[in-house]
Amino acid sequence: TGRLWQLWRIKMQKATQEAISYNLKMVGSEVLVVKNGGWRGKVERVINEEYFEISKLENPLEIEVVSMYDIRSMGYGTQ
């Protein structure tokens with residue numbers, strides 16, 4: 001079982017790295033955050049495969065850590 005555990009761990013690490021790599025494409029993008037009443041922000045940094053640092057557009061010095069599940073892209077119709 002030790003070998004299976006190592007293979008599983010390697011697979012999970014690769015999946016995490018792929019998710020972070022994909023999320024890095026969002027850095028610099030404007031997004032809509034749907035928690036705390038909803039607000040617009042800019043992705044500043046990827047923390048891990050689920051969480052981002054988002055600065056508020058109305059006050060860029062105010063930064064919050066937000067789950068990817070609470071973020072919507074600012075595509076057509078959201079601006």
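Just so it is clear, the structure is predicted and the values come from calculations on it, not from any experiment.
The line from CD1 of Ile71 to OH of Tyr51 is 10.5 Å long, rounded to the nearest 0.5 Å. Ile47 CD1 to Met68 CE: the interatomic distance, rounded to the nearest 0.5 Å, is 13.5 Å.
Each of Leu32 and Val46 belongs to its own hydrophobic cluster when Ile, Leu, Val, Met, Phe, Trp and Tyr are linked at side-chain heavy-atom distances under 4.5 angstrom. Linking ILVMFWY side-chain heavy atoms closer than 4.5 Å, directly or via other members, places Leu24 and Tyr22 in two distinct hydrophobic clusters. Transitive grouping of hydrophobic side chains (ILVMFWY, heavy atoms separated by less than 4.5 Å) brings Val31 and Ile20 into a common cluster.
Remark: side-chain polar atoms of Ser21 are not paired, donor with acceptor, to backbone N or O of Glu18 under 3.5 angstrom. The backbone N or O of Met12 lies less than 3.5 Å from a partner atom in the side chain of Thr16, making a donor-acceptor pair. Asn23 places a side-chain N or O within 3.5 Å of a backbone atom of Glu49 that can act as its donor or acceptor partner.
Residues Val65 and Phe52 are not in side-chain contact: their nearest non-hydrogen atoms beyond the backbone lie 4.5 Å or more apart. Between Ile54 and Ile63, every side-chain heavy-atom pair lies at or beyond the 4.5 Å cut-off. At least one side-chain heavy atom of Leu57 sits less than 4.5 Å from a side-chain heavy atom of Lys42. Between Glu64 and Val33 the shortest side-chain heavy-atom distance does not fall below 4.5 Å. Side chains of Glu44 and Val27 form no contact here, defined as non-hydrogen atoms less than 4.5 Å apart. Under the 4.5 Å side-chain criterion, counting only non-hydrogen atoms from C-beta, Val43 is not in contact with Glu53.
For the pair Arg40 and Glu30, the salt-bridge criterion is not met [side-chain N within less than 4.0 Å of a carboxylate O].
When all heavy atoms of Ser55 and Pro60 are compared, the pair lying nearest together is CB-O, 3.4 Å.
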